[in-house]
There are 2 protein chains.
Amino acid sequence: MSGEDNLLRLVEAEEPDENNYHLQDQVGFILRKAHQRHVAIFAAHIADLTPPQFAALAKLYDIGETSQNQLGTLIAMDAATVKGVIDRLKARGLVELSKHEVDKRRLLVNLTPEGREAIERLIPLARAITEETLAPLTAKEAATFLRLLAKLA
Amino acid sequence: MSGEDNLLRLVEAEEPDENNYHLQDQVGFILRKAHQRHVAIFAAHIADLTPPQFAALAKLYDIGETSQNQLGTLIAMDAATVKGVIDRLKARGLVELSKHEVDKRRLLVNLTPEGREAIERLIPLARAITEETLAPLTAKEAATFLRLLAKLA
DNA sequence: TTGATATCATTTGCATACGAATGAATTTGC
DNA sequence: GCAAATTCATTCGTATGCAAATGATATCAA
C-alpha cells in the first residue's frame, strides 16, 4: 500500500478506529465472559451444587453457625438472594435453621452432618476448579491476575 | 518467637493454614464480586438499560442487521437468553425484527432509528463506566489486567 | 419512656443465565 | 434425491441477582 493510499484512508474515514467502541475490549464484557467460563468449569466438576450454594456451605464450614443476613454479607449476596440459596440447601438437608434466642429477628444457619460431609468431599474438587480456571495463565501471571482482580472486587 | 514455639505450633495445628480452603481467595468468588461491582457501576451511569441489553445494541450498531442466533454468539448469550433480551428491546422500540428471505429459520434483528440514537448517546457513558471500573488500577496495571483477563475469558 | 431509626427477614417483580426438549427449516452424506 | 444430521428459534423449568416494599424486632435519643 502506498503513502497516498494511507493518506486517502485517513481523509475518507468517517470514524477513525480510535473513536470506535468495541464491546469485546470492554472490561465489563470480558469480565462477564470470564465469569461464565468459570461457572461452566465449576458445573463440569460439581454437578449437583451451584457456585453460590457451594460458597454458602464453604463459609459455614469456615466460620460455623451464623445468621442468614451475616452469611449473605460474607458471601456477597443480598438478603433476597441468600434466602433462596439457603432455602434450597435446607430442602436438601445440607443446612438447618434455628431462631436466635436473644434477637428474635435473626435466623441462624448451620451445616447439618450431611452438609459438613458434603463440603469436606467437595473442597478438593473446588481446588481443581480454581486450578482449571487459571490454567490459561502461567503461575506468575495467575498471581498477578489474582492480585489485580482483588483490587477491582 | 523461639524455635520451640514454631515446632509446637506445627505439632499442635490440626489444620495448617496451607490446608485450609479460603473462599475469599478463590478466583471464582473474586470474579463474581468484581462482576457484581461492575454491574453496579453500570447501573449508576445507565439506569434504563442492563449490560446485556447494552451489549446487544452496541453489537448491532457495530455490525448492522444480523440473526438473533448470530447476535447471541457475538455477545456470549445462549439462544434462550438472547431471546429474552431482544424481546425486551423490541418492546421498547429499540430493535425491530424481520424474517430472513432465504433461510426461513432465521429471525433478523436490527436497530430502529430510536435504537441507533440511544446507543450513540450511551457509548460515551459506557466509556466512563469502563474507566470507573478500572479506577482502582494504575494505567499499567489495567493494561496487564485486561490482557490476562482476556486470556481467561 | 417513648418515638424515631435501624436491622433482619420476607415477598414481589423483573432480568439474566443455562440445560433440556421441541418443531421447523436447511444442509450433508451417501 | 433422500434420510440423517445440523441449525435456528422457542418454550419450560430452575437458579441467581437486585430493587423496593413490608412487617417484626431491636436500638437510639430526646
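Chain letters run A, B, ... following the sequence lines, proteins first, then strands; residues in each count from 1. Here the structure is a predicted model, which is why all the values come from computation and not from measurement.
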**OP:** Select from A:V85 and B:K83 the residue whose nearest nucleotide in DNA chain D is closer to the 5' end of that strand.
**Re:** B:K83
Original post:
Do A:Y61 and A:F54 have their ring centres less than 6.0 Å from each other?
Top reply: no
Subject >> Among D:dA9, C:dT16, C:dA17, the one nearest B:Q53 by side-chain distance >> reply: C:dT16
Original post:
For B:Q68 and D:dC8, what is the distance between atoms CD and C1' respectively, to the nearest whole Å?
Top reply: 9 Å
Original post:
Do the side-chain N or O atoms of B:R32 get closer than 4.0 angstrom to the phosphate oxygens (OP1, OP2) of D:dT16?
Top reply: no
Original post:
What's the CG-C1' distance between B:N69 and C:dT26, to the nearest Å?
Top reply: 14 Å
**OP:** Quickly work out the B:F42 CZ to D:dG17 C1' distance and round it to whole Å.
**Re:** 16 Å
Subject >> salt bridge (charged side-chain N to carboxylate O under 4.0 Å, His left out) between A:R147 and B:E141, intermediate numbers included >> reply: CA-CA 10 Å; A:R147 180 175 62 81; B:E141 285 176 334; 3.6 Å; yes
Original post:
So, do A:T66 and A:L108 sit near enough that their side-chain heavy atoms are less than 4.5 Å apart?
Top reply: no
**OP:** Please tell me which of A:D87 and B:T50 maps to the more 5' nucleotide of DNA chain C, matching each residue to the nucleotide holding its nearest heavy atom.
**Re:** A:D87
Original post:
How does each nucleotide of nucleotides 18-28 of chain D score, in 5' to 3' order, for protein heavy atoms under 4.0 Å: base (B), sugar-phosphate only (S), or none (-)?
Top reply: BB----BBS--
**OP:** Give a yes-or-no answer on whether the side chains of A:Q26 and B:T130 include a donor-acceptor pair shorter than 3.5 Å.
**Re:** yes
Original post:
Rounded to whole angstrom units, what separation is found between the CD1 atom of A:I86 and the P atom of D:dT16?
Top reply: 10 Å
Original post:
A:R37 CZ to C:dA17 C1': how many Å, rounded?
Top reply: 18 Å
**OP:** Could you tell me the separation between the NZ atom of B:K33 and the P atom of D:dG17, rounded to a whole number of Å?
**Re:** 13 Å
**OP:** Report yes if the side chains of A:I30 and A:Q24 come closer than 4.5 Å at any heavy-atom pair, otherwise no.
**Re:** no
Original post:
Rounded to the Å, how far apart are B:K99 NZ and D:dT7 P?
Top reply: 23 Å
Subject >> Spacing between B:L107 atom CG and D:dT11 atom C1', to the nearest angstrom >> reply: 15 Å
Subject >> Within-4.5 Å side-chain heavy-atom neighbours: A:V95 and A:I86 >> reply: yes
Subject >> Under 4.0 angstrom between B:S67 side-chain N/O and D:dC8 OP1 or OP2 >> reply: no
Subject >> Selection from D:dT16, C:dT10, C:dA9 that lies nearest to any side-chain heavy atom of A:R88 >> reply: D:dT16
Subject >> All pairs passing side-chain hydrogen bond (donor to acceptor under 3.5 Å, both in side chains) where residues 70-85 of chain B contributes a residue, at least two apart >> reply: B:D78-B:T81, B:K83-B:D87
